[in-house]
Amino acid sequence: MTRKILLCMVAIMVLAVPAMGETRHYGSLTADIPSGWTVEQQGSVTVIKSLSKNASIAVAVNSLGDASLTDIAEHLYIQMSGQNLEQDEDGDYTFTFTNTSGAEGLAILTDSQEGRYILMSVTGYGNDEALNDEIDKIIDSLDWND
C-alpha cells in the first residue's frame, strides 16, 4: 500500500513540474520562468520578457551606499520621470513611469535590510488576464540567495 502511495506522489510531482515553468538562477536571483519568456542579464539588471515582448520585469539589486532608501526613491523617481510616488506601510516605494518605448510601467523599490535595495520595474500589466497571471507568478517566485 505504501509503495502505491509513493508511486502516485512521484507521478503527480513529475506531471506538475512542466506546468510550473523553469527555475533559473542569475547571480543571487532565482525565478520561475514560464515557457515562452526569456531572461537576460544587462549588467546588474536581470530582464525577464514575454515571448511577444509586450511585457517585461526588470530586477536590480544594488548597494544603498551612504544614501537612504528615500534618497534613492526620489532620485529614481526624477530620473525615470515618474508619477505618483508613494510609500506604503512597509516602507517600500512605488511609482508609475513611461519607458523609452512608450509603455507604462510600475516601479517598486524596497530595502533588502542588508545594505542593499531592490528595484523592480514591471511593464505590460493590464487588460490581458493570462499575461497578468504570468507576471504575478514570476514576481511571486522571485528570491534572492546570498
Side-chain angles (χ1 to χ4, degrees), residues 6 8-146:
L6 180 61
C8 285
M9 289 175 57
V10 169
I12 289 170
M13 291 190 319
V14 167
L15 293 173
V17 169
M20 291 176 7
E22 181 183 349
T23 299
R24 297 187 190 175
H25 303 275
Y26 292 90
S28 61
L29 177 68
T30 302
D32 293 337
I33 306 302
S35 177
W37 287 70
T38 61
V39 182
E40 59 186 57
Q41 283 296 130
Q42 296 178 356
S44 65
V45 180
T46 303
V47 180
I48 306 166
K49 294 180 184 176
S50 66
L51 183 61
S52 60
K53 308 289 190 249
N54 62 342
S56 68
I57 302 166
V59 182
V61 181
N62 294 305
S63 172
L64 281 168
D66 293 331
S68 69
L69 188 64
T70 301
D71 295 337
I72 292 173
E74 290 171 352
H75 174 78
L76 290 170
Y77 177 74
I78 292 167
Q79 181 181 9
M80 296 170 73
S81 300
Q83 300 173 359
N84 306 317
L85 178 63
E86 297 179 3
Q87 185 178 23
D88 67 16
E89 64 276 356
D90 295 327
D92 298 335
Y93 287 90
T94 60
F95 60 88
T96 58
F97 65 94
T98 303
N99 71 12
T100 56
S101 301
E104 292 185 15
L106 174 68
I108 305 163
L109 185 68
T110 188
D111 188 337
S112 74
Q113 303 299 321
E114 299 168 356
R116 296 176 295 167
Y117 69 91
I118 301 163
L119 172 64
M120 181 172 53
S121 65
V122 179
T123 59
Y125 201 88
N127 297 327
D128 184 335
E129 288 300 318
L131 184 60
N132 293 347
D133 287 344
E134 286 185 324
I135 292 170
D136 289 340
K137 287 177 184 174
I138 293 168
I139 292 171
D140 290 344
S141 77
L142 293 174
D143 194 18
W144 289 265
N145 307 303
D146 292 326

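Treat the numbers as computed from the prediction; the structure is a model and nothing was measured.
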Interatomic spacing from CG in L119 to CG in N62 - rounded to 0.5 Å:
8.0 Å
Indicate yes or no for a side-chain donor-acceptor contact from D88 to the backbone of D90 under 3.5 Å, with no hydrogens or angles considered.
yes
Take E104 and T123, measure what side-chain hydrogen bond (donor to acceptor under 3.5 Å, both in side chains) needs, and give me the verdict at the end.
CA-CA 6 Å; E104 292 185 15; T123 59; over 6 Å; no
Exercise: identify the closest heavy-atom pair between Q41 and T46:
OE1-OG1, 2.6 Å
Between CG on residue N54 and NZ on residue K49, distance to nearest 0.5 Å:
12.0 Å
d(D136 CG, S141 OG) to nearest 0.5 Å is 11.0 Å
Just how far is it from atom CG of L142 to atom CG of D32, taken to the nearest 0.5 Å?
9.0 Å
Is any side-chain heavy atom of I135 less than 4.5 Å from a side-chain heavy atom of W37?
yes
For the CG atom of L69 and the CD atom of E74, what is their distance to the nearest 0.5 Å?
10.0 Å
Going from CE on M120 to CD1 on I108, what distance comes out if it is rounded to the nearest 0.5 angstrom?
3.5 Å
Closest contact, heavy atoms only, Q83 versus Y77
N-CE1, 3.4 Å
Assess the residue pair E134 and L131 against the criterion (side chain to side chain contact (heavy atoms under 4.5 Å, CB included)); give the C-alpha distance rounded to whole Å, side-chain angles, the decisive distance to 0.1 Å, and a yes or no.
CA-CA 5 Å; E134 286 185 324; L131 184 60; 4.1 Å; yes
